[in-house]
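Every chain is numbered from 1, with letters handed out A, B, ... down the list of sequences.
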Amino acid sequence: MSRLLHALPPLALLAALAALPLALGSNPYLLNALIVTGILTIGAMSLNLLLGYTGQLSLGHIAFFGIGAYVSALTSLGFDVELGFGLRAVHEPWPAAVGFVLAVVAAGACGYLIGRLSFRVRGAYFVLVTISFAEVVRLVALNWVELTQGPLALTNIPAITLGLPGLGTWTLRTKLQNYYLVLAVGTLCWFVVARLVGARFGRAMRGLKENESLALSVGINATRTLTVAAVVSAAMAGAAGSLYAHYLRIIDPEVFAFTTTVGMVIMVVAGGKGTLMGPVVGGLIFGLLPVALRPVMAPEAQWIVYGLVLIVILFVMPRGIVPGLAGLVRRRPARAVPVLEASPEAPR
Amino acid sequence: MDQLIQHLVNTLILGGTYALLGIGLTLIFGIMNVVNFTHGALYTVGAYLTYLAVAALGLDLFLALPVAILGGLLLGALIEIVLLRPLRGQDIDTTMLVMIGAGIVLQSGTLWIFGGVAKAVPSPFPEAPLQIGPASVSWLRLFVLGAALLLIGLTYALINRTKLGLAMRATFQDADTAALMGVNVRVIYTATFAMGSALAAAAGALLGPVYVVHPQMGGPAELKAFAIVILGGLGNVTGAAIGGFILALAEELGAGYISSGYRDAMGFLIIIAVLLYRPTGLFAKAERVG
Amino acid sequence: MLEIRDLVCGYGHVTALKGLTIDVRAGQLVALVGANGAGKSTTLRAISGLVPARSGTIRFEGRDIAGAEPRRILAAGIAHCPEGRRVFPQMSVAENLAMGAYLRRDRAGVAADLARIYGEFPRLAERRGQAAGTLSGGEQQMLAIGRALMARPKLVLFDEPSLGLAPNIVERMFAVIRAICDAGTTVLLVEQNAFAALELCNYAYLLETGRIVRAGTGETLIADPHVRDAYLGG
Amino acid sequence: DTVRIGVNEPLTGAFAASGTYVVNGAKIAADEINARGGLLGKTLELVIEDNKSNPTEAAAVAEKLITSDKTPVMMGAWGSSLTLAVMPKLMDYEVPMLVETSSSGKITTSGNPYVFRISPPSALEAETFAPMVSKLGMKKVDFLVLNNDFGRGAATDFGKMLKEKGVQVGLTETMDQGAQDMSAQLAKLKGSDSDTIMITSAVDQLVLLFKQMAALGLKKRVITTGGSQNPDQIIAQAGSAAEGTMHLTTFLPWLPEKTPDPKATETFIAEWKKRGFQFAGVTESFRGYDGIRAIAHAIEKAGKAEPAAIAKAFWSVDFTGLNGPIRFAKSGPAGKESGQSKPDVYLIEIKDGRVVLPTL
Amino acid sequence: MSPILSIDHVGVRFGGLVAIADLHFDVQAGEIVSLIGPNGAGKTTAFNVMTGFLKPSQGEVRFRGTSLKGLQPHDITRLGLARTFQRTSVFPDDTVFDNVMIGLHRQGASGGAPGMARASLLDTLLGRAGASEQALRARAAALLDWTGLGGRAREKAGSLAYGEQRLVGVALALATDPAMLLLDEPVSGMNASETRVFVRLLRQIRERGITILLVEHDMPMVMEVSDRIVVLNYGRLIAEGPPEAIRSDPAVIEAYLGQGSAARRAAAEVREAACA
Ligand SMILES: Nc1ncnc2c1ncn2[C@@H]1O[C@H](COP(=O)(O)OP(=O)(O)OP(=O)(O)O)[C@@H](O)[C@H]1O
Ligand SMILES: Nc1ncnc2c1ncn2[C@@H]1O[C@H](COP(=O)(O)OP(=O)(O)OP(=O)(O)O)[C@@H](O)[C@H]1O
Ligand SMILES: [Mg+2]
Ligand SMILES: [Mg+2]
């Protein structure tokens with residue numbers, strides 16, 4: 001029963017999101033905004049796994065997103081690069097769906113690397129390692145022109161094609177198709193996070209976050225736990241990056257921009273870190289806020305309002321929107337407690 | 001050889017610049033434990049204030065500096081009282097986000113007021129550089145180096161040698177207990193943030209004439225400042241200064257002898273390497289469990 | 001000297017003190033004993049201004065200090081050695097002691113007090129330069145006691161000062177407390193080591209769930225069967 | 001009733017200054033056209049949107065302009081990566097766009113028939129510069145370029161041209177967009193044996209570079225490319241450090257009489273000043289002005305404000321812009337060619353704090 | 001019989017400071033041994049070495065015959081050696097019940113208690129961990145009842161009073177299903193009657209076959225429960241033996257017990273206990 005109650009809000013949200021395009025009458029501009037917001041929200045969900053549940057802030061999270069985007073794009077475009085020592089790497093284009101899988105794997109592998117590091121560095125130092133990692137990856141994407149085209153951007157990235165051998169294929173060209181693809185991937189990621197944080201593994205993460213020495217002393221393996229969290233988180237970010245590349249059909253090293261990570265952090269913390277709903281609610285609000293502001297005011301003013309909205313939300317609900325609202329809902333029955341307290345004695 | 005000497009001289013000069021960026025953040029991030037995303041914006045504000053003082057009020061650069069520093073101090077105090085004080089005791093990520101919001105507002109505000117076209121602040125120093133053997137250095141940048149070292153020294157002394165510094169450190173380690181010792185905790189909070197902000201503005205004011213002044217100038221500066229402060233060990237003023245010089249050296253030699261495209265990457269690779277070797281920064285303090 | 005009347009305070013929806021009344025006379029050593037969670041620490045926190053009073057009054061030397069800021073209360077002459085040591089972990093032993101004398105301006109007096117504390121706790125003298133956070137538990141406790149004494153208060157509040165101290169140091173510490181009291185400083189002592197506290201004090205209060213249930217001299221309370229059962233281990 | 005043109009420019013973010021200049025130039029053109037009675041008997045309306053200097057936003061803005069605002073033609077999007085991000089949308093919706101600033105070769109060679117460009121790609125700029133190389137007596141050249149499509153493209157295309165002319169090419173150093181301290185790169189260039197440094201960057205960084213070169217005592221011939229130099233701002237901000245530097249520009253506002261359409265240049269500059277803008281901005285804003293004028297010509301020729309008709313009509317646009325004839329030549333794969341106009345390119349020099357044409 | 005834990009010539013330095021110098025002693029399975037000594041003698045440091053939080057500068061620790069050299073704290077816990085901390089140490093933002101659930105971490109993994117299914121990451125993702133989750137909850141509830149925290153299960157651990165938080169720490173250590181328990185000042189902050197209750201718990205723990213090494217300054221309690229006492233001063237072992245011998249050892253009295261009431265009372269208590 002209580003399980004059902006818990007499942008209700010996300011299910012309602014999913015239903016609403018699934019029905020939204022019908023309501024919008026497929027306005028392409030709004031659909032476009034929703035798709036991009038959705039992709040970034042998946043990024044935010046992945047960041048939440050690290051920030052919200054292990055307490056480690058990755059300010060270089062965009063690295064995984066960008067790596068996913070590049071791996072996926074290069075897999076589906078093919079490349080031919082000189083590796084030095086007379087070696088060449090030549091790759092013929094593969095279907096975009098394979099690119100998606102490789103993006104998830106490659107980003108996850110990078111997450112493993114960073115996760116191993118996080119065994120040694122925590123807190124601010126972890127933040128710096130992640131920032132540095134993202135900057136290094138960005139500079140490689142920028143400077144390894146032969147592979148990535150550097151700042152000249154990878155263009156003509158094909159759309160994702162779904163299909164099974166023998167059953168024919170289906171290319172996702174329209175916005176509506178892409179919207180549902182993003183929604184599907186997002187739902188899957190939600191599921192993965194929900195499963196992970198709900199059980200033993202989630203308790204291990206919480207333990208490490210609240211009191212690391214004590215967590216170690218009850219047998220929690222910090223390296224393993226943080227690494228698994230980092231791998232899953234990075235893989236999800238890589239999936240989002242792949243969706244981004246195939247939806248936008250062009251990527252350049254700008255995908256590694258620091259501001260995008262900051263945007264994801266805003267989605268997570270303002271929405272409510274360490275909650276499942278938080279990044280989704282935060283993602284929708286801060287993804288769509290610029291769309292709402294665009295027609296009503298000057299460009300500079302839009303940014304100012306964006307910043308002010310952020311500040312106001314945190315003043316009203318310092319722990320984020322979702323915990324804030326949950327607190328409001330819960331507070332009402334709590335007031336009734338003294339009355340209830342008196343009654344149990346009566347029957348006896 | 002001549003090129004190496006020039007690189008080393010550049011390192012000294014650039015290191016001074018970086019150290020200057022770092023020390024303001026050391027106070028706020030390293031000691032107060034507020035992830036200060038307004039640092040870049042305050043740096044920008046400092047630069048614009050000098051520009052205004054010199055271009056609009058016709059002040060001399062040396063007179064404009066105190067104006068900018070005072071401006072930074074007041075703005076910092078305002079931010080602390082309005083934005084941070086009500087959120088005292090909240091999660092560090094919450095205050096970080098509020099600082100991100102404030103940073104966005106400040107930066108867009110400067111763009112709105114001053115427009116996107118860069119401004120130049122004239123320098124009172126001779127254009128012809130000082131020649132040191134095969135290397136040359138601009139006078140202005142020597143002045144900046146000197147000012148940076150002075151500010152580092154003053155900040156160090158303030159934190160480690162004065163009663164105010166003692167109270168600051170105590171407050172951010174345990175505010176309740178510091179209050180029990182008689183510290184006016186609220187004043188310390190505001191003063192520390194204001195001082196850190198004044199130092200950020202000072203950096204902008206000093207570097208405005210060296211570079212050009214524009215609304216975006218804070219972004220890269222902020223990222224570097226964070227790197228420098230963490231590299232040096234949180235809350236450690238000398239560490240931050242040394243971190244600045246190390247970063248400068250890595251960048252100079254990286255650009256000079258490896259590849260200018262990877263100039264910034266060199267700095268970040270050094271940071272990763274250092275943190276692998278010393279997971280809590282170069283000059284971290286001892287900790288214990290149990 | 002200190003009069004508390006009908007004090008009520010708490011945390012969020014927990015009410016820790018439910019109408020507390022105690023008196024501390026000048027020059028006396030008063031003990032406050034009670035079970036875990038009875039509200040002893042809360043009482044001390046309320047006196048020194050860390051927890052706001054919801055109702056009731058706290059008067060010190062005739063002036064109402066309820067609701068004043070901690071530093072004003074310290075300036076009035078009340079020092080507080082908090083529960084759980086609460087040393088400043090990244091500051092050295094010497095700096096921690098300097099913080100104790102934060103409001104004092106008489107350099108000579110401070111230097112003399114410092115020498116006295118180093119004399120009482122030679123361990124601290126040995127470790128002047130060590131970061132307080134790396135001290136052992138007992139060493140930190142000594143530091144917390146020394147720091148409270150550095151303020152040279154009129155009234156000092158000790159919250160479980162014997163916690164984690166070796167038996168011989170506990171003895172020394174109680175002797176020090178007795179000595180400063182004899183020298184004219186008033187003491188309000190909270191102790192789990194109820195027997196020792198009751199032996200030492202001039203007057204004692206027994207606190208249970210936020211209310212005073214017994215008061216009297218140390219001997220009276222030691223003799224009280226209720227106290228013996230519940231707090232002295234029979 | 002109006003004819004709408006979408007304008008997709010960076011008004012905030014890294015390129016805010018330039019984007020704003022271009023938009024202001026565009027507004028002058030629109031007002032001028034409306035003062036003359038508008039287009040097809042209707043008022044011309046610019047729908048201006050900020051792409052925040054961000055490619056994703058640039059694509060979103062294109063989406064909005066095309067689908068919500070129903071603009072049949074657009075101008076944009078300043079930087080090459082911004083323009084490249086918009087281009088798939090042009091294909092999807094079959095709406096033409098006039099590209100006023102971007103210089104990447106890819107824009108007109110990737111087979112997008114909805115792109116019409118009036119700014120010169122670096123290959124074209126290099127081609128125009130080629131005859132001057134021997135006159136300048138260049139022997140060996142180093143490059144210092146922005147690490148983006150703009151800078152790297154210039155280094156490649158100019159390098160190729162110089163090698164063909166028998167000039168040696170030495171170092172190619174890069175700097176990040178937004179980087180403020182280039183002393184490491186400059187120290188390296190100081191140590192090289194080249195006689196000329198060719199620099200490609202935007203004006204803010206050029207100011208810094210000239211100041212830092214002076215500080216390092218680096219004295220070599222400097223030629224900048226790319227058309228975003230804004231010599232007046234350089235003179236004002238770099239002072240004597242800019243003395244003797246040469247710049248390849250696409251507009252000659254200092255010497256209106258030497259421009260292809262002196263009268264138009266003078267009226268444009270007069271109107272610019274009348275609106276209270278700094279003279280320094282005209283080297284950027286004229287592109288917005290010419291861009292809107294070119295689009296207006298296409299709409300007139302099309303006879304209706306519909307994307308397909310305008311796209312077709314672009315091929316017959318032919319008038320003299322502020323920096324030369326605007327006429328689109330076919331570029332890129334057969335059947336899907338983009339349009340590329342060939343503007344004039346001038347070499348200017350800064351002498352005694354003024355812009356002059358060097359005597360070669 | 002081979003010892004369950006042996007400390008083999010262990011030394012620890014912090015810079016120039018010698019916190020432990022050549023410490024050498026064994027604990028036999030089933031014993032309650034106390035490690036006492038003045039403040040700063042190195043007791044907590046010794047615990048930190050035994051549980052992998054500190055690497056000794058010299059010597060090694062063996063547990064059930066396995067050298068602990070190079071093992072991480074969580075590895076050591078898995079071998080069956082658990083500890084509590086001197087400072088109160090709980091997961092403050094979680095309920096007492098969830099604290100214990102976190103403590104049962106190892107039990108949810110492979111090789112848990114009999115009858116408990118292995119819950120791998122894959123099982124977690126597929127939602128197949130449900131059965132073992134049920135079993136864990138039952139164990140947590142049982143453990144809380146045993147330690148007397150049953151009534152506080154729904155409280156946030158961080159808002160409990162001091163003494164109760166210390167009990168939570170013990171419950172957490174017990175949750176790891178240890179063969180040996182290291183307790184660092186478990187009754188500090190408890191009054192005499194609360195200490196009595198705790199001693200009862202301690203005996204029950206021992207009855208379950210768990211060996212105990214205790215650090216404590218409460219002499220009556222130490223004298224009452226210990227089979228054997230090891231005394232440390234300035235990082236060196238100065239005495240070792242049964243409580244009666246330690247109580248009257250002049251070196252121990254000089255360095256640690258003192259001549260005062262506490263020691264006298266301790267002696268009296270032991271005499272009483274002996275009579276009873
Ligand atoms: N920060 C807090 N938040 C919520 N409740 C608290 C807090 N601090 C104390 N309490 C509650 O207030 C009551 C009184 O606590 P207090 O610390 O005063 O007890 P005490 O007598 O000092 O106990 P102990 O002997 O354990 O130190 C307890 O029920 C405790 O749970
Ligand atoms: N990380 C550290 N850095 C420097 N010195 C340390 C460190 N950890 C412990 N020490 C010192 O080592 C000595 C032993 O400390 P330890 O905590 O083991 O003492 P203890 O026997 O547990 O004392 P107590 O009974 O007071 O808890 C102390 O003097 C302490 O100051
Ligand atoms: Mg207490
Ligand atoms: Mg200890």
Side-chain angles (χ1 to χ4, degrees), chain A residues 51-52 55 57 59-60 117 119-129 131-140 142-145 150 212-214 216-217 258-259 262-263 265-266 268-270 273 298-315 317-320, chain B residues 29-30 33 35 37 82-83 86-87 89-113 116 215 219-220 222-223 226-227 229-231 233-234 259 261-272 275-281 284 289-290:
Chain A
L51 174 58
L57 171 59
L59 271 188
L117 287 183
F119 163 56
R120 308 204 59 201
V121 295
R122 298 287 159 74
Y125 303 98
F126 180 81
V127 173
L128 187 56
V129 167
I131 292 182
S132 304
F133 175 69
E135 279 296 294
V136 170
V137 175
R138 180 181 74 85
L139 289 163
V140 169
L142 193 62
N143 288 292
W144 193 356
V145 176
E212 184 168 340
S213 306
L214 183 59
L216 293 178
S217 87
F258 182 61
T259 46
V262 173
V265 173
I266 291 176
V268 173
V269 180
K273 64 173 179 167
E300 301 90 338
Q302 290 171 27
W303 280 112
I304 293 177
V305 170
Y306 183 91
L308 290 176
V309 168
L310 181 58
I311 294 173
V312 167
I313 285 182
L314 288 166
F315 264 67
M317 293 174 278
R319 292 190 307 126
Chain B
F29 179 42
N33 205 20
V35 188
F37 272 99
V82 175
L83 295 181
L87 291 177
Q90 293 296 343
D91 195 288
I92 176 171
D93 291 329
T94 303
T95 49
M96 171 178 82
L97 218 56
V98 169
M99 291 293 99
I100 290 178
I104 292 174
V105 170
L106 279 177
Q107 198 223 326
S108 314
T110 26
L111 176 65
W112 211 4
I113 296 170
E222 184 167 87
L223 204 57
F226 271 108
V229 169
I230 300 174
L231 187 62
L234 290 182
S259 153
Y262 286 104
R263 174 181 171 150
D264 287 339
M266 289 304 135
F268 288 111
L269 283 173
I270 292 273
I271 287 169
I272 294 179
L275 289 183
L276 289 186
Y277 168 67
R278 298 222 37 165
T280 48
V289 284

Asker: For the residue pair I304(A) and V105(B), what are the closest heavy atoms and their distance?
Answerer: O-CG2, 3.6 Å
Asker: So which part of L59(A) gets closer than 4.5 Å to some heavy atom of chain B, the side chain, the backbone, both or neither?
Answerer: side chain
Asker: Indicate yes or no: at least one non-hydrogen side-chain atom of E135(A) is less than 4.5 angstrom from one of L223(B).
Answerer: yes
Asker: Count the heavy-atom pairs under 4.5 Å between each of I272(B), D93(B), D264(B) and chain A, then report the option with the highest count.
Answerer: D93(B)
Asker: Quick one: what part of I266(A) sits under 4.5 Å from any heavy atom of chain B, side chain, backbone, both or neither?
Answerer: both
Asker: With a 4.5 Å cut-off on side-chain heavy atoms, are I230(B) and I271(B) touching?
Answerer: no
Asker: Taking A298(A), A301(A), G307(A) one by one, which has the highest count of heavy-atom pairs under 4.5 Å against chain B?
Answerer: G307(A)
Asker: For chain A, which candidate among T95(B), L87(B), V229(B) shows the most heavy-atom pairs at distances under 4.5 Å?
Answerer: L87(B)
Asker: So which of I313(A), V312(A), N143(A), L310(A) has the largest heavy-atom pair count under 4.5 angstrom toward chain B?
Answerer: N143(A)
Asker: Kindly indicate, with the supporting measurements, whether the criterion side-chain contact (heavy atoms from CB on, under 4.5 Å) is fulfilled by F315(A) and L83(B).
Answerer: CA-CA 9 Å; F315(A) 264 67; L83(B) 295 181; 3.9 Å; yes
Asker: Under 6.0 Å between ring centres, would you say that holds for F226(B) and F37(B)?
Answerer: yes
Asker: Show your working on side-chain contact (heavy atoms from CB on, under 4.5 Å) between L106(B) and T110(B) and close with a plain yes or no.
Answerer: CA-CA 6 Å; L106(B) 279 177; T110(B) 26; 5.8 Å; no
Asker: What part of M96(B) gets closer than 4.5 Å to chain A, counting heavy atoms only: side chain, backbone, both or neither?
Answerer: side chain
Asker: Using a cut-off of under 4.5 Å on heavy-atom pairs, state which of L57(A), L51(A), V129(A), V140(A) scores highest against chain B.
Answerer: V140(A)
